[in-house]
**Q** 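Submitted below is the structure of interest, expressed as structure tokens.
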Amino acid sequence: MTAPATRQRKPVVLLRPVPGRSVIHELWAGTKLLAVAGIGVLLTFYPGWVPIGMVAILVLTTAWLARIPRGVLPSIPRWLWVVLFLGGLTATFAGGSPIIDLGSIEIGLGGLLNFLRITALSIVLLGLGAMVSWTTNVAEIAPAVATLGRPLRPLRIPVDDWAVTLALALRAFPMLIDEFRVLYAARRLRPKQRPETRRGRHRQWWVDVIDLLAAAITVALRRADEMGDAITARGGPGQISAAPSRPKGRDFVALAIVLAVCGAALALELTILGTSG
């Protein structure tokens, strides 16, 4: 009788657009950045259930329009569920209204509701960032940032340099993640001699960490040198942010929809639904 195959975990896929064409993919990168910034400001000052729920609906609708498959969602490790359960359990001890009566025991659910609200807010913000990552090419970020920062150029602010730095960081991040995964897998395949004493095991652990960090730094420097040569061969870093990048008519429609959703969420939070919650 063969043993059942273990289910392989799906890694997190970020900074790599999902293949396909949709109205969300064709939006200007600056439009998505402005939408994320506006929603972030709203949820920072008014992190209530109403804005969180409306932004979650907006994110799900955007994912449906962009035809994002379920396969891009990463697997949730079991330890994360345990951490969430322990966090909710400890937050319940804080008490607060509303209070429920269980016979002679009164339990305040205020702390638990606050914990659930913060968890929902974190999930919505992660989904918002993931939507931008899954529908935007990294090469479009730098020209969009340079266009958005054009009003700051008379103040002698190095907008183009910031845009190039951001573009290089976004391009290098997934590449370095893959390199670190290869290094970690190669490190695990190496034969190990387990020391007999506890002090020897601690020393061996520190030696392994130092070797892994040294290898990671070496790989990062090699990748940076290769990227620098490629950028020089293509005309220098100025070409990264010099690509034409302008909004179109559909971008103004998308910004109007985001503004309407944020305005409606703010109005409901400050009036009927917000005061009743």
Side-chain angles (χ1 to χ4, degrees), residues 9-18 24 27 29-66 68-70 72-100 107-136 141 166 170 173 254-277:
R9 289 182 52 190
K10 292 181 293 184
V12 180
V13 180
L14 291 177
L15 301 178
R16 292 177 180 175
V18 175
I24 307 300
L27 287 177
T31 302
K32 302 173 187 178
L33 296 178
L34 289 176
V36 171
I39 294 174
V41 171
L42 172 66
L43 295 180
T44 298
F45 291 99
Y46 298 96
W49 283 109
V50 177
I52 292 174
M54 295 192 69
V55 172
I57 294 175
L58 180 63
V59 172
L60 293 176
T61 304
T62 305
W64 177 72
L65 292 175
I68 301 298
R70 294 183 180 180
V72 300
L73 297 176
S75 300
I76 301 177
R78 296 181 179 179
W79 61 265
L80 182 58
W81 294 110
V82 176
V83 171
L84 291 177
F85 175 77
L86 294 177
L89 182 62
T90 54
T92 307
F93 296 150
S97 60
I99 299 176
I100 59 174
I107 300 178
L109 300 180
L112 177 60
L113 291 178
N114 288 332
F115 175 79
L116 294 177
R117 181 166 57 88
I118 295 174
T119 303
L121 176 63
S122 303
I123 295 174
V124 169
L125 292 178
L126 289 175
L128 191 65
M131 283 304 306
V132 177
S133 172
W134 292 334
T135 59
T136 309
I141 299 295
L166 178 61
L170 293 177
F173 189 69
L255 288 177
I257 294 174
V258 173
L259 184 61
V261 171
C262 293
L266 181 60
L268 291 175
E269 176 69 15
L270 295 178
T271 56
I272 303 174
L273 297 181
T275 56
S276 63

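Residue numbers start at 1 and run along the sequence shown.
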**Q** For residues 53-62, please give each side-chain donor-acceptor pair under 3.5 Å, one per line with the distance, not counting sequence neighbours.
**A**
residue: T61; atom: OG1; partner: I57; partner atom: O; Å: 2.7
residue: T62; atom: OG1; partner: L58; partner atom: O; Å: 2.7

**Q** Please tabulate, one pair per line, all N/O donor-acceptor pairs under 3.5 Å involving side-chain atoms of residues 108-121, not counting sequence neighbours.
**A**
residue: N114; atom: OD1; partner: R117; partner atom: NH2; Å: 3.3
residue: N114; atom: ND2; partner: G110; partner atom: O; Å: 3.2
residue: R117; atom: NH1; partner: P47; partner atom: O; Å: 2.6
residue: T119; atom: OG1; partner: F115; partner atom: O; Å: 2.8

**Q** Mind listing the closest non-hydrogen atom pair of M131 and A66 along with its distance?
**A**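 Taking M131 first and A66 second, the nearest heavy atoms are CE-CB, 4.3 Å.
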
**Q** Tell me every residue that passes side-chain contact (heavy atoms from CB on, under 4.5 Å) with V36, counting only those two or more places apart in sequence or in another chain.
**A**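 Result, side-chain contact (heavy atoms from CB on, under 4.5 Å) vs V36: L128, V132.
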
**Q** Output the distance between atom CG (L86) and atom CH2 (W81), rounded to the nearest 0.5 Å.
**A**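 Here the rounded value is 14.0 Å.
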
**Q** Could you pull out the closest heavy-atom pair between A29 and I141, with the gap in Å?
**A**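 Closest approach of A29 to I141: CB-CD1, 4.3 Å.
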
**Q** Within this structure, what is the CD1-CG distance for the pair I39 and L34, rounded to the nearest 0.5 Å?
**A**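 Taking CD1 in I39 and CG in L34, the distance rounds to 11.0 Å.
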
**Q** Can you name the nearest heavy-atom pair linking P51 to A265, along with the distance?
**A**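 Residues P51 and A265, closest heavy atoms: CA-CB, 3.8 Å.
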
**Q** What distance separates C262 SG from L43 CG, expressed to the nearest 0.5 Å?
**A**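 Nearest 0.5 Å value for the SG-CG distance: 7.5 Å.
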
**Q** Enumerate the residue pairs fulfilling side-chain hydrogen bond (donor to acceptor under 3.5 Å, both in side chains) with a member in residues 31-48, sequence neighbours excluded, ordered by first and then second residue.
**A**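 Applying side-chain hydrogen bond (donor to acceptor under 3.5 Å, both in side chains) to every pair that reaches into residues 31-48, excluding sequence neighbours, yields T31-D251, K32-T135, K32-T136.
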
**Q** To check you understand the geometry: which heavy-atom pair defines the closest contact between A35 and L255, and what is its length?
**A**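 Between these two residues, the closest heavy atoms are N-CD2, 4.4 Å.
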
